[in-house]
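Notes to accompany the following structure.
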Amino acid sequence: MKLPDAFYQRDDVLTISRELLGKFLFTRVNGELTGGMIVETEAYRGTEDRASHAWNGRLTNRTRIMYEAGGVAYVYLCYGIHNLFNVVTAAAGVPHAVLIRAIEPTEGIDVQLERRKMTVLHPRITAGPGALSRALGITRELNGMHLGSDSVWIEERGMVIENKAIVTGPRIGVGYAGAHALFPWRFSIRNNKFVSKAK
DNA sequence: ACGAAGATTGGCT
DNA sequence: GCCAATCTTCGTC
């Protein structure tokens, strides 16, 4: 079943980031159903986090969506090429968010292969935030969409991820954040082949 | 109005 | 391992 808004609207984005592991992300784009199990996430803790787009209370046209009540999508363009998908969390006015960095495909794998221009299934297909967005057809058109909508949603399917099966470590690609880059706010499922590799 | 930098990826050496 | 691709965003002039 789809996660209720109450799941997203809690204040502890680290807990939410951890609990999103083992949940299932789906999209229906152009009538094609695709999705998979979330295996890697990163928490971005609003105004107090130098790595966050909302650091120091930054409120711009792009980050506006982060200040909405939890349970909507924040999709933005990175490096002019990649659409990165985030889950907005916490109460309205608190711009916390979780970046979904990797999934293990389960639904519509043929469509995902086609979108990624691949012929055989390889972890590269959805290992990394830009890659998974491409596989699931996620673009900025989904920005602001409610996560219970018919276009994009997250489901609980009874998957249990033990604490000892979770790896934590520093977030990827946020060197500009100084000391905050070292916070262990990246979460992934131990030994899962679809977790992205840090460069 | 201008320009630097970016929550990345894939191809080439 | 290195580097180009590609274009929006945001700080500064």
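Small disclaimer: the values here were computed from a predicted structure and weren't measured. Note on naming: letters A, B, ... go to the chains in the order of the sequence lines (proteins, then strands), and numbering restarts at 1 for each one.
In this structure, A:H180 has its ring center closer than 6.0 angstrom to the ring center of A:F183.
Neither OP1 nor OP2 of C:dT9 sits under 4.0 Å from any side-chain N or O of A:T60. Side-chain N/O atoms of A:R116 include one lying less than 4.0 angstrom from OP1 or OP2 on B:dG10.
Atoms CG (A:N83) and P (C:dT6) sit 15 Å apart, rounded to a whole Å. Regarding A:I138, its CD1 atom lies at a distance of 13 Å from the P atom of B:dT9, rounded to whole Å. As rounded to whole Å, 14 Å separates atom P of C:dT9 from atom CG of A:L59.
Nucleic acid contact class of A:R50 (heavy atoms, under 4.0 Å, all strands): none. Using a 4.0 Å heavy-atom criterion, one finds that A:R186 contacts no nucleic acid atom at all.
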Heavy-atom contacts, protein to nucleotides 1-8 of chain B, under 4.0 Å, summarised as B (base), S (sugar-phosphate only) or - (none) per nt, yield -----BBB

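Checking A:L99, A:T139, A:L25, A:I103 one by one against A:F85, the side-chain contact (heavy atoms from CB on, under 4.5 Å) holds for a single residue, A:L25. For the ring-ring contact (aromatic ring centres under 6.0 Å, His included) criterion with A:H53, the lone passing option out of A:Y76, A:Y67, A:Y44 is A:Y76.
Note that A:R157 lies in the cation-pi zone of A:F24, set by a 6.0 Å cut-off to the ring centre and a 45° limit from the axis.
In this structure the side chain of A:M37 never reaches within 4.5 angstrom of the side chain of A:F194, judged on heavy atoms.
Looking at A:S52 and A:D49, their side chains never bring a donor and an acceptor atom within 3.5 Å of each other.
Atom name C1', nucleotides C:dG1 and B:dA7: the rounded distance is 22 Å, in whole Å.
For B:dC12, the paired base is C:dG1 (Watson-Crick or G-U wobble, both distances below 3.5 Å).
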